[in-house]
Each structure stands twice: as structure tokens, then as C-alpha cells.
Amino acid sequence: MESTPSPRRRRVALVRRLGTWLLLVVTAAMTVRLLAPPRVQRVEITYSDAIREIDRDNVTDAELITASQELNGTLKTPTKIGTSEVREFRVTVSFVDPAPLVDRLEAHGVPLRATRQSSSLINILLGLLPWLALAAIWFIMVRQMRGGAERALSFGHVGARTVAGERPQVTFADVAGADEAKAELQEVIEFLKDPARFQRIGGHLPKGVLIVGPPGTGKTLLARAVAGEAMVPFYSISGSDFVELFVGVGASRVRHLFEQGKAHAPSIIFIDELDAVGRQRSVGLTTAHEEREQTLNQLLVELDGFQPAEGVVVLAATNRPDVLDPALLRPGRFDRQIVVELPDLRAREQILSVHVRKIRLAPDVDLATIARATPGLSGADLANLVNEAALFAARRNKQSAGRQDFEDAKDKVMLGMERRSLVVTPEERRLTAYHEAGHALVTVLTPGLDPIQKVTIIPRGRALGITFALPEEDRHSHPRSYLLGRLIVAYGGRAAEEVVFGPDQISTGAANDLRQATELARRMVTEFGMSDAIGPISVGEPGEVMPWGRGAIPPRAVSPHLADLVDEEVSRLVREANTRARDVIASHRPELDGLAAALLERETLDRVDVEAIIDGSRRAASLAPIAQRTAIRVVG
């Protein structure tokens, strides 16, 4: 949950804004005073001296202050009265009747104005304003320095989001397709609610629960559901919040976080993206590296050290368990590892049913059909698919999302957005049609492969055309024949270009196909043991396939002879696949031409269209010799 600013922070922000405006006002006032002409000091004189100066016609103007019964005036010529040189004077008339003095001023033609208060009061306030402003600025600076000192002392405190009063409106009912994970977490929650039930037979509270799975499978959603279900304090923080440049800050934050948890035990601490702080320790020279290791060491101590945290369950999530330190994963620290994999067919249908609650569905929408057509999509992908379907329906001014909206949303999520504005020349369009027709033809004619779903020459994403095939059911392992068929399909587009346009006209459109085929062939040789020359062995450590998986640990050394043999086997597999694809294309040229012509005309073909075109072309090819023989007999 996002934390709201505290009252203290709001007060500090308000004081800062007021201080800024006050500083601007003071600057303006001081500027005005500096630019204004200097004023002459007003001197107090006697009533008699005032009459004498009026009779001498030496008074230019006068002002009668009725509130204080004073008369202020200005002399034409400065006069020495007593010991002072007087230009502006002030006379107190509160002890006499000012009427004679006013009459005398009128008789000598001196302009007279009457006010309730003296303008000198404004001058006094303007004189005091800079000093008041400086005092306010000094007060604000002192408060800021005190706040900075407090922040420096609390630098090691962690900004964990506390979930206590208002809990997330997410429960296990909102998490679909992860029944085993929910059951494991539900047991932890029940243990916190009623520990005596488990302690009667000697059980103890799990120290840590690690949720592992690919991105988008709902790991953080499960943690939010735990926060919504559990009736204990819940602290949420990201692993990156611990790590700082300064050594020791991360460890201090870990201590502070667990102190909070122990003070409110039983409680749950959730650390998202644990790999940011729990990576495997190794030799490093940078300060940041030392800081991360100290943070990890403190986390290990808090989980299971000399004084472990009692009554605190640590819940963590990561999609990189391969980089975590082994000490973090041993029993006694993270006792349980809950694996959340990509959803299967039943789970995808359940996830879709959860997300479609928020939108209006048309009667023709079948969630089971959508789930069957979306293998490999995560929960986040399915949520995005439902949202895209709603957006498609809104763009079309429909009242509900229908089957076609979900079909378009599925294509956008799985294939990419259409780029109809891309200008493609007729030659490129024809070459793309034959390229995709080659993929489709080889897919249909190679046994044991996934059935084709759609072929299009409409540019999507970075591709000028796409041939899309999906399995009819979820697969968790693949035989060698399937992988060899995938290699042949990958070279189907390039083979079609070579057969139709010649070797010199092969385009760069097969670059991605070649990359995928080479990677698959190398994995068949080095990982899956599907090479007779290499044998059923694994060549190299997993770190060679995923270099980021082992950090700084070097892979096992491979002899030059074995490395050369691997390269030869990879080259042999891809060359054989290319030859096989070219033979299939050359022996079924009429079917290829029929598919390409249909793509040029209709741009997109589905499974039924592709199979109908291939069957029609086969029948036409089989009837052609009969028609030719009949025509010869008629002519003869």
C-alpha cells in the first residue's frame, strides 16, 4: 500500500512554503526601501516656534493627526531651532485648541490635511518588517537543521509500508490458479492466528516462506492476499530499499525492520524482489558490494541467528532463485519454498473468470475457448488481455466485450500490435506472403507439431508477417521428433524464398528464424543430450546458457575438441533442417502458390482456411494428369 504523508511532513512542507513567500516579501520590501529617496528626520518643536514659522510664510504643507492631536509640517527653508536644523517638524496640540493654529495656516495659504493616524507608524512597521522576516528565516533554518539531524539519526530506519488498519481489499478468493500456494500460505496464517493448535504436538512457526515463479504469475498478489486475510501486523518492503551507497545503512534498516516486527509479534514481514538484497556472496571491491553483503549478513542473523526473531514470519518473493545465497535458502531460514508456475488450462480459465468480473461480457464469449487458445500466458498477461478486450469494445462503441474483441485482444497480446500504416512495396509484400506460406505449409505437413492457428502478412510488432501455431493441450516436455520438426518449420520461410525467387533473392526476413533455430539446436546438443556424436551428456554449466544465473562463478572448462564437436553438431542439425524444409517446399509447390495467393488477397488466414487451401491444391494437382490425358484422347 502507498503510504500517505505524515502530519509532521505536511507541517514541514507548509512551513517551507510560508518561509519562501516570506523571504520574497522581505526581499521586495527591502528593495523598495533601498530605491526610495532618504527621508529627513522629523523634529519636535514648541507651539510658539510653529506660530513663528507660519507667520514667516516658511511652512509649505501641514498635516493634523486627529487621533494623537499632533501637527506635522514641512518648512520651505531649513531653520535652526534650538540646537537642531529643522526641515520637517512635529507639534503637540493636545493641550490647546488647535482651531487658532488651523485658522493661521489657512490665512497664510498653507495646505492642510487631516488624518486619523500618522504615516510614521507605517514607516515604523516597514522598518521592523525586515527584522521580523530575518527572525522568521532564522527560526525556519533552526527547525530544518534539527529535522536534518533527526533524519541523519534515523537514516538507518527503513520505510516499510505498514498494513494494520485498512487492509488491501484482496483475499485468496481473488487469486485463481494457485491452489497449492494458497494452501501453504493459508496454513501460515492459521499458525499465526492459533499457534497453540500446532504447538501441542511440538510444531513451531515457520521462519520464512519464499514464493518463487516467473514474472507475472501472481507472487506479489499472493502477498497482498495474505495481508488481506491475516489478522496480524503486516510490513511490506522492497529488497532494493535496504541497499544504499553508505556501508552499514542496509544492515541498520534490517535491524529496525525486525525490531518493528518483534515489537508487534505475531507479525508478517514481506520482502518483494528478494534477489536485490539476497544475491550470492562473492569477492568484490566496491563499497556498494560490501554494503549489500553486510545487509545480507544481517538478514541471515535476523532470520536464524543467536537471537532469532520470535513470532515473526518473513514472506519473500523473487523470480531469480538461482542467484540467491545458499545460506538464505537453508532450512531454518526460508523453511518453505512455494513455486508459482505459469497457469495451466484450468487455472487460466479461473484467472479469466476473476478478471472479467470488472467488465461487461457479451453472451458469445466462452472463457474455456479463450483459455485453450492462450497457453504460456501468465496471470498478468491474462489480465492485460481482458483489459485490451474491454478497450477494443469501447473503441467500437459497444455495450459489452464480445468474442471478436477477445480475439483481437489475444492477437495483440501474443503477436503484437498491427502496423497497417507501414508502407510495404508490392515486391516486399509478395516475398512476405511466400515466406509465411512456407512456414505454414511446413507446419501442416510435418507430423507431430502444434496445429497452425493463424497466418498473416499484416505487419505486427517488428515482423512483416507472422505464422502462429499453438498446442492443443499444455505440454511440459517435448520429444526429439517435435524439436526436429520445430527446426524444419523455422527454415520453411527461407526455403520458400529460395525455391520461388532463387538463392540470390533470399531476404533478411529470416534473421529471427535463424537465431531461434540455432539456439534450439545448440540446446538440443548441449542440454538435452539429443546428439549421437556428443552423447547423453550436459556440456558446460547452466551458467553458459543463462550467464546471469551464477554471478561470478565461472563455468566448467570445455576442451577445444568438445567445443568444436558441439559446433559441428549444431551446424549439422540446422543444415539438415534447412534441406528438409527445402524438399517439402519444392515437392508441394502448388500448395505453396495457393497459400501465397490467398494471403495476398485476404492478408490473414486461419487454420480452416490453410487446411482447405492445401487440400484444394492437392486435389487440383491430382486431377491435372487425368485432365491432360482426356484432352489428348479427344484431340487424337
Side-chain angles (χ1 to χ4, degrees), residues 1-10 12 147 149-168 170 185 188-193 195 204-211 219-220 222-244 246-278 291-292 294-318 328 332-336:
M1 294 179 61
E2 295 294 334
S3 57
T4 57
S6 63
R8 178 180 176 275
R9 290 184 178 180
R10 290 197 294 267
V12 170
E150 293 176 359
R151 287 192 296 273
L153 293 177
S154 63
F155 192 57
H157 291 185
V158 67
R161 273 75 66 187
T162 305
V163 181
E166 296 183 2
R167 297 181 178 274
V170 179
L185 293 173
V188 174
I189 294 174
E190 292 177 358
F191 202 116
L192 290 171
K193 291 181 179 179
H204 62 84
L205 187 70
K207 294 293 181 63
V209 178
L210 180 63
I211 306 176
K219 300 183 295 296
T220 306
L222 279 170
R224 293 175 59 191
V226 171
E229 295 275 353
M231 294 293 108
V232 297
F234 189 95
Y235 300 91
S236 174
I237 191 172
S238 173
S240 60
D241 291 338
F242 291 111
V243 182
E244 290 285 350
F246 305 103
V247 177
V249 174
S252 176
R253 289 181 175 179
V254 171
R255 286 192 296 270
H256 180 257
L257 177 61
F258 277 84
E259 287 174 0
Q260 286 182 290
K262 287 185 284 188
H264 299 87
S267 61
I268 298 176
I269 295 175
F270 174 61
I271 304 176
D272 200 5
E273 304 298 341
L274 181 64
D275 52 277
V277 67
E291 159 66 6
R292 183 180 58 78
Q294 288 198 15
T295 306
L296 174 59
N297 292 336
Q298 186 63 41
L299 181 61
L300 296 175
V301 171
E302 294 292 346
L303 284 172
D304 188 20
F306 192 77
Q307 293 181 339
E310 296 293 340
V312 179
V313 175
V314 181
L315 194 65
T318 181
L328 198 62
R333 290 196 171 117
F334 279 102
D335 300 290
R336 295 187 178 182

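As the structure is a computational prediction, the values presented were derived from the model and not from experiment.
What you find for Leu296 and Gly278 is that their closest heavy atoms are CD1-CA, 3.8 Å. Of all heavy-atom pairs spanning Phe234 and Ala223, the tightest one is CZ-O, 3.6 Å. Scanning both residues, Ile189 and Glu229, for their nearest heavy atoms gives CD1-CB, 3.7 Å. Closest heavy-atom contact between Tyr235 and Gln260: OH-O, 3.5 Å. Across every non-hydrogen atom of Gly261 and Ser267, the tightest pair is O-OG, 2.9 Å. Here the shortest heavy-atom pairing between Ala316 and Leu274 reads CB-CD2, 3.8 Å.
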Quiz prompt | Stepwise side chain to side chain contact (heavy atoms under 4.5 Å, CB included) check, Leu300 with Glu302 | solution = CA-CA 6 Å; Leu300 296 175; Glu302 294 292 346; over 6 Å; no
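Proximity of Val226 to Val188: side-chain heavy atoms (C-beta onward) are nowhere separated by under 4.5 Å.
Of the possible polar contacts, none joining the Arg255 side chain to the Gln298 backbone as a donor-acceptor pair under 3.5 Å is found.
Applying the side-chain contact (heavy atoms from CB on, under 4.5 Å) test between Ile269 and each of Leu257, Leu315, Val254 identifies Leu257 as the sole match.
The distance from atom CZ of Arg333 to atom CG of Leu210, rounded to the nearest 0.5 Å, is 14.0 Å. Here the CG atom belonging to Asp272 is positioned 8.0 Å from the NZ atom belonging to Lys219, to the nearest 0.5 angstrom.
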